[in-house]
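Worksheet: the structure to be examined is printed underneath.
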Amino acid sequence: MSRRTTARALPLLLVALLAFFPAPARADARNPVLVIGGYAADTTKLEGLRSWLASQGFTAYSMVLLGNPSGTAAIPDSAQAVADKVTQIRQETGAARVDLVGHSMGGLAERHYVKFLGGLGQVGTYVDVGTPEEGDWAGTLCSLYQGCRDMTPGSAFLTQLNTAPAVPAGLPAYHLYTDSGTGEKTALPGATNASIQSFCPGRSVSHADEPVDGATQQLIASALDGGPLATTCP
């Protein structure tokens, strides 16, 4: 083959190689992410997760549930607040979809939004962390508030929420939890369910510290990027 023929062939070879080995997804192609706190959310820890996601290239926002303390309002009302925040983020960023990361009760609010308030068409990936999918008896300790009554096992809210399918078909969904938790260890049907300790054996992570635990943060990021779940257990 002559040098001239080789020169003409090189661009074609380059195009073929690029088609076979596509470029990695750009960070700016990711959906924006909304982090949602739980009952009496520690806003410092919530901001810790949001800022860590931002440091990894995500466009990240955060919010707390309704009520004082946060999460004391009825969970469907907080779910509507999630819907309103997603609408705001989509308008601000121009994104078609927003990814959700809900901690504890925040996961129940985001799931109600996805199932009953039109969220399925506006959410890209669903992640909940430490969420008691079928409730937690700890809700009886603050039963003065409707949000806590909603979170109590057997409540009308949870009965409706867990009517099959628990997660709408076709929605990428992840349920992460710590082995030291209580209600959060219940699996979410239709989701990828994984404990932090299944990746980092013996790791001590309290329910409250999940948003700022390094391994949990990495698992969340890998879920948002489409999996597989991965962490270096920092």
Side-chain angles (χ1 to χ4, degrees), residues 21-38 45-63 82 86 89 93 95-104 106-111 113-114 119-120 122-133 166-181 184-234:
F21 298 104
R26 291 171 12 204
D28 61 6
R30 291 165 161 166
N31 293 327
V33 180
L34 174 60
V35 177
I36 306 160
K45 292 178 180 178
L46 196 65
E47 172 59 19
L49 174 55
R50 189 213 63 78
S51 62
W52 183 85
L53 288 169
S55 76
Q56 303 304 301
F58 292 92
T59 301
Y61 300 79
S62 67
M63 66 172 289
V82 173
V86 169
I89 293 170
T93 63
R97 294 177 182 267
V98 174
D99 293 341
L100 301 180
V101 178
H103 181 238
S104 194
L108 299 177
E110 70 176 81
R111 187 149 63 96
Y113 158 58
V114 166
L120 182 58
Q122 301 176 6
V123 172
T125 298
Y126 169 105
V127 181
D128 71 37
V129 184
T131 294
E133 309 296 355
V167 176
L171 177 66
Y174 299 83
H175 169 60
L176 307 175
Y177 60 94
T178 178
D179 282 343
S180 63
E184 68 187 80
K185 292 186 285 187
T186 299
L188 175 60
T192 297
N193 294 271
S195 72
I196 301 160
Q197 288 77 15
S198 66
F199 292 88
C200 309
R203 190 179 186 92
S204 177
V205 184
S206 70
H207 175 76
D209 284 343
E210 287 166 332
V212 291
D213 174 68
T216 309
Q217 291 175 338
Q218 289 182 344
L219 290 170
I220 291 169
S222 61
L224 294 173
D225 279 335
L229 296 176
T231 176
T232 60
C233 302

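Hydrogens, waters and symmetry mates play no part in the numbers below; they use all other heavy atoms, side chains included.
Residues meeting the side-chain hydrogen bond (donor to acceptor under 3.5 Å, both in side chains) test with Ser206, sequence neighbours left out: Asp209. Legend: residues meeting salt bridge (charged side-chain N to carboxylate O under 4.0 Å, His left out) with Asp99, ordered by chain and number and at least two apart, are absent. With sequence neighbours left out, the side-chain contact (heavy atoms from CB on, under 4.5 Å) criterion links Glu184 to Tyr177, Thr178, His207, Glu210. Under the side-chain contact (heavy atoms from CB on, under 4.5 Å) criterion, Thr93 pairs with Pro32, Tyr61, Ile89, Ala95, not counting sequence neighbours. With sequence neighbours excluded, no residue forms a ring-ring contact (aromatic ring centres under 6.0 Å, His included) with Tyr113. Glu133 pairs by the salt bridge (charged side-chain N to carboxylate O under 4.0 Å, His left out) definition with Arg111, not counting sequence neighbours. For Ala194, the side-chain contact (heavy atoms from CB on, under 4.5 Å) criterion is met by Leu176, Ser198, Phe199, Leu229, not counting sequence neighbours. With sequence neighbours excluded, no residue satisfies salt bridge (charged side-chain N to carboxylate O under 4.0 Å, His left out) with Asp179. For Pro234, the side-chain contact (heavy atoms from CB on, under 4.5 Å) partners two or more places apart in sequence, or in a different chain, are Ala215, Gln218, Thr231, Thr232.
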request  = Given side-chain contact (heavy atoms from CB on, under 4.5 Å), test Val127 with Val33 step by step and report yes or no.
outcome  = CA-CA 10 Å; Val127 181; Val33 180; over 6 Å; no

request  = List the steps and the verdict of side-chain contact (heavy atoms from CB on, under 4.5 Å) for Val35 and Ile220.
outcome  = CA-CA 11 Å; Val35 177; Ile220 291 169; over 6 Å; no

ask   = Checking side-chain contact (heavy atoms from CB on, under 4.5 Å) for the pair Tyr126/Leu188: CA distance, chi angles, key distance, verdict?
value = CA-CA 12 Å; Tyr126 169 105; Leu188 175 60; 3.8 Å; yes

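Annotation: ring-ring contact (aromatic ring centres under 6.0 Å, His included) contacts involving residues 209-234, sequence neighbours excluded, are absent. Applying the ring-ring contact (aromatic ring centres under 6.0 Å, His included) test to pairs two or more places apart or on separate chains, none has a residue in residues 212-234. For residues 211-232, every residue pair satisfying the salt bridge (charged side-chain N to carboxylate O under 4.0 Å, His left out) rule, not counting sequence neighbours, is listed here: Arg30-Asp225, Arg203-Asp213.
Gly106 and Ile36 get closest at one heavy-atom pair: CA-CG2, 3.9 Å. A pairwise comparison of heavy atoms in Pro172 and Gly170 identifies CD-O, 3.4 Å as the closest pair. Here the shortest heavy-atom pairing between Tyr174 and Ala191 reads N-CB, 4.1 Å. In terms of heavy atoms, Ala166 sits closest to Pro189 at CB-O, 3.8 Å. Residues Leu171 and Val123 approach most closely at CD1-O, 3.9 Å, considering heavy atoms. The two residues Val167 and Ala173 have their closest heavy-atom pair at CG1-CB, 3.8 Å.
At distances below 3.5 Å, not a single donor-acceptor pair connects side-chain atoms of His175 with backbone N or O atoms of Gly190. In this structure a side-chain-to-backbone donor-acceptor pair under 3.5 Å is missing from Arg50 to Leu34. Here the side chain of Asp128 pairs no donor or acceptor atom with the backbone of Gly102 at under 3.5 angstrom. Checking side-chain atoms of Gln217 against main-chain N and O of Pro211 turns up a donor-acceptor pair under 3.5 Å.
Interatomic distance, NZ of Lys185 versus OG of Ser195, reported as 10.0 Å (0.5 Å rounding). Interatomic distance, Cys233 SG to Gln197 CD, rounded to the nearest 0.5 Å: 9.5 Å.
Between Val129 and Leu219, every side-chain heavy-atom pair lies at or beyond the 4.5 Å cut-off.
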